[in-house]
Novice: 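Handing you this structure, nothing more for now.
Only this structure's heavy atoms are used, side chains among them; waters, hydrogens and symmetry mates stay out. Position 1 is the first residue of the sequence, and the numbers go up from there.
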Amino acid sequence: MCVSAIPLILFSILSYSRIESYFIGNSKTEWTRQANLVATRITENSSYLKDGRNYNEFTSQISAIGSELSISARVVVVDSQGFIVADSSKIDVNNMLLTTQVLNALNKRNSAEKVFQYGQNIMSTAVAIRDEENPDNVLGVVVLSANIDDVYIWLEELATQIYLLSLLTSLLMGLLSFFTSSLITRPVQALMRSVQKVTSGQLEEKIIVSGKGEMAELAEAFNHMTEQLQRVDESRQEFVANVSHELKTPLASVKVLTESLMFQDNVPIEMYQEFFYDINSEVDRLNNIITDLLSLVKLDSNKVHLNITETYLNALTEAILKRLEPIARKKNITLIYESHQDILIDADEVKLTLAISNLIENGIKYTKDGGNVKVTIQSDLQDAFITVVDTGVGIAKEEQPRIFERFYRTDKTRNRETGGTGLGLAITYRTVIMHNGSIQVNSTEGVGSTFVIQIPIKQV
């Protein structure tokens, strides 16, 4: 209301000032015209100011002119010496009147001024009386003065109406603003309450989206945010459960094996050797899980920085394939490498090697004996592409969005018998993201999978 009232008050004051200036300006023009008519009648009907004759006739003429004017005004005639020679009110005759206005008129500068005298608003007009035969000769001055309080009474009534209208308009705008703001703030308050609930841990909180516009979009964004937070929380809980399970399984195996040796008498040396071999395998498995977990923690930490160097992607890929060749040969899997150009990229060679190795090794693990895994590297002007295609078991469509989550396993064919920790793809994903790249998967169950890594050639 205050915001709307202040401009309206200023507008009212400005409007009143403009209206007053308009009416006073018109009045000045009219009084100046009347004064010029009086001066013309004096020069046409009397020669007193010129030769000093017929004074009584002159004063009678002035009195008659005062009563004949269309505006109620006092008519005063001042001679060239500044003495009042005629006064329609017969008050100040023979007195001297040398005001600034009269002096200006004697110097041929006619004027009309509003003055405040004796508690009244007076309009005073002074016009030079010129000689008909010689217009440059000023014989005297006609001074018209009139009370214009009636004009200001009307203006005050108008001002009252303007101010009253402004006040009513302010009240109306204030009420409209209040109800409008309540309509706007109500959904904002509801959103704030929901934010407070989410802050306190109630991630299932949702806002009912109604209508369209910015508030509806904000509500949808909030609901999407809570859904993402729920997914993150569920993923965290699932991750903790998976870590616990992954660590508990080899520990349980070690405990069973050690208890079998502890509580049996006359255990043959061959069984000791077999059980110790199994215990060593479970310890290696624990060590691999912990190592991969530490790698993920480091990759997730903002404190870890890439050691970017210029790396020949061809040589890096060939070295990986050479290292994995014995594993593929055991399953009679053919490794195919394809590249048509040398590609030099900015990358952390150690981390990128681990990422690509995980993809190729997974391709070997989940491809049946006699299959093949093909690795292709390409580039355009901006990015390098590493494509790994296998003829393995494939991944169901509904499970593909989650394969980069920690410990996520798709089906029974991708079980722990393959020897993995369930963290390889998560490590690959984080490494690619750290290189400002992306990784895509396209897979069909029973046919195989295609993974495509895209990495910028130059790191900014």
Novice: Would a 4.5 Å heavy-atom cut-off, applied to side chains only, mark Leu344 and Thr311 as touching?
Specialist: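 Heavy-atom side-chain distance check fails, nothing below 4.5 Å.
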Novice: Would you compute the distance between atom CG of Leu352 and atom CD1 of Ile386 and round it to the nearest 0.5 angstrom?
Specialist: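 Answer rounded to 0.5 Å: 6.0 Å.
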Novice: Donor-acceptor check, side chain of Asp348 to backbone of Ile308, threshold 3.5 angstrom: yes or no?
Specialist: no
Novice: Out of curiosity, Asn147 CG to Ile122 CD1, how far, rounded to the nearest 0.5 Å?
Specialist: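 So the CG of Asn147 and the CD1 of Ile122 are separated by 4.5 Å.
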Novice: How about Leu98 and Leu103: do any of their side-chain heavy atoms sit closer than 4.5 Å?
Specialist: yes
Novice: Could you grab the distance from atom OG1 of Thr43 to atom CD1 of Ile129, nearest 0.5 Å is fine?
Specialist: 8.0 Å
Novice: Has the side chain of Tyr366 got a donor or acceptor atom that lies under 3.5 Å from a matching backbone atom of Glu361?
Specialist: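 Side chain of Tyr366 to backbone of Glu361: no pair is present.
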Novice: Is atom OH of Tyr429 surrounded by more than 12 heavy atoms (other residues, nucleotides or ligands) closer than 6.0 Å?
Specialist: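 Not more than 12 within 6.0 Å, no.
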Novice: Is the side chain of Asn107 donor-acceptor paired with the backbone N or O of Arg109 at a distance under 3.5 Å, no angle test?
Specialist: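 Here the side-chain-to-backbone pair does not exist.
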Novice: Any chance you could measure Asp390, atom CG, to Thr367, atom OG1, to the nearest 0.5 Å?
Specialist: 4.0 Å
Novice: For Phe116, is the CZ atom crowded, meaning more than 12 foreign heavy atoms sit under 6.0 Å from it?
Specialist: yes
Novice: So which heavy atom on Met123 is nearest to which on Lys28, and how close?
Specialist: CE-CG, 3.7 Å
Novice: Any donor and acceptor pair, going by atom type alone, linking the side chain of Ser88 with main-chain N or O of Val75 inside 3.5 Å?
Specialist: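 It does hold such a pair.
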Novice: I need the minimum non-hydrogen distance between Ser379 and Phe385, along with the two atoms involved.
Specialist: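 For Ser379 and Phe385, the tightest heavy-atom pair comes out as CA-CD1, 4.2 Å.
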Novice: Under the side-chain contact (heavy atoms from CB on, under 4.5 Å) test, which residues partner Glu227, sequence neighbours left out?
Specialist: Lys206, His224
Novice: Determine, stepwise, if the pair Val78 / Phe83 fulfils side-chain contact (heavy atoms from CB on, under 4.5 Å).
Specialist: CA-CA 5 Å; Val78 180; Phe83 288 96; 5.8 Å; no
Novice: Sub-3.5 Å donor-acceptor pair from the side chain of Asn436 to the main-chain atoms of Ile455, do we have one?
Specialist: no
Novice: Quick one: are Ile42 and Val77 in side-chain contact, heavy atoms under 4.5 Å?
Specialist: yes
Novice: Any idea which heavy atoms bring Thr431 and Lys351 closest together, and the distance?
Specialist: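 Nearest heavy atoms, Thr431 then Lys351: CG2-O, 3.4 Å.
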Novice: If the condition is salt bridge (Lys or Arg N to Asp or Glu O under 4.0 Å), which residues does Asp87 pass it with, not counting sequence neighbours?
Specialist: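 Per chain and number, Asp87 pairs via salt bridge (Lys or Arg N to Asp or Glu O under 4.0 Å) with Arg74.
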Novice: Under 3.5 Å, is there a donor-acceptor pair between the side chain of Lys458 and the main chain of Gln382?
Specialist: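 Judged by distance alone, no pair lies under 3.5 Å.
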Novice: So does Ile395 get a backbone contact from the side chain of Ser443, meaning a donor-acceptor N/O pair under 3.5 Å?
Specialist: yes
Novice: Can you name the closest pair of heavy atoms from Val138 and Ser80 and give their distance?
Specialist: O-CB, 4.0 Å
Novice: Is Glu445 reaching over with its side chain to a backbone N or O of Val393, donor-acceptor style, under 3.5 angstrom?
Specialist: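 No, because the side chain of Glu445 does not come within donor-acceptor range (under 3.5 Å) of the backbone of Val393.
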Novice: Which atom names give the shortest non-hydrogen contact between Ala112 and Thr125, and what distance separates them?
Specialist: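 For Ala112 versus Thr125, the nearest heavy atoms are CB-OG1, 3.7 Å.
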Novice: Is the shortest heavy-atom distance from the side chain of Trp31 to the side chain of Ile148 under 4.5 Å?
Specialist: yes
Novice: For Leu139 and Asp79, run side-chain contact (heavy atoms from CB on, under 4.5 Å): C-alpha distance rounded to whole Å, both residues' side-chain angles, the deciding distance at 0.1 Å, then the answer.
Specialist: CA-CA 6 Å; Leu139 302 176; Asp79 64 13; over 6 Å; no
Novice: Does one side chain, of Thr309 or Glu349, offer a donor that lies under 3.5 Å from an acceptor on the other?
Specialist: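 Absent: no donor and acceptor within the cut-off.
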Novice: Any non-hydrogen side-chain atom of Thr99 less than 4.5 Å from a side-chain atom of Asn104?
Specialist: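 Contact flag for Thr99/Asn104 side chains = no.
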Novice: A side-chain contact here means heavy atoms from C-beta on lying under 4.5 Å apart; do Ile84 and Asn94 qualify?
Specialist: no
Novice: Under a 4.5 Å cut-off applied to non-hydrogen side-chain atoms, are Leu359 and Thr428 in contact?
Specialist: yes
Novice: Is the shortest heavy-atom distance from the side chain of Ile336 to the side chain of Val373 under 4.5 Å?
Specialist: no
Novice: Would you call Arg402 and Glu399 a salt bridge, using N to O less than 4.0 angstrom?
Specialist: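 The answer is no: the pair does not qualify as a salt bridge.
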Novice: Sequence neighbours left out, what passes side-chain contact (heavy atoms from CB on, under 4.5 Å) with Thr376? Give chain and number order.
Specialist: Glu338, Lys374, Gln378, Thr387
Novice: Given the rule in the side-chain contact (heavy atoms from CB on, under 4.5 Å) test, do Arg33 and Thr29 qualify, once you have shown the distances and angles that lead to the verdict?
Specialist: CA-CA 6 Å; Arg33 187 183 70 83; Thr29 302; 5.8 Å; no
Novice: Just wondering, more than 12 heavy atoms not from Gln341 lying within 6.0 Å of its CD?
Specialist: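 Yes.
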Novice: Go through the side-chain N and O atoms of Glu30 and Gln34 and say whether any donor and acceptor fall under 3.5 Å apart.
Specialist: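 Side-chain D/A pair, Glu30 to Gln34: present.
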Novice: Do other residues, nucleotides or ligands put more than 12 heavy atoms under 6.0 Å from the OH atom of Tyr312?
Specialist: no
Novice: Using every non-hydrogen atom in the two residues, find where Leu313 and Ala384 come nearest and quote the distance to one decimal.
Specialist: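 So the minimum-distance heavy-atom pair works out to CD2-CB, 4.1 Å.
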Novice: Could you tell me whether Arg323 and Glu318 have a side-chain N and a carboxylate O separated by less than 4.0 Å?
Specialist: no
Novice: If I take atom OG1 from residue Thr160 and atom CG from residue Leu165, how far apart are they, to the nearest 0.5 angstrom?
Specialist: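 Going from OG1 on Thr160 over to CG on Leu165, the span is 12.5 Å.
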Novice: Roughly how far, to the nearest 0.5 Å, is the OH atom of Tyr337 from the CD1 atom of Ile360?
Specialist: 10.0 Å
Novice: Test side-chain contact (heavy atoms from CB on, under 4.5 Å) on Val127 and Val141 and set out the steps.
Specialist: CA-CA 6 Å; Val127 174; Val141 176; 5.9 Å; no
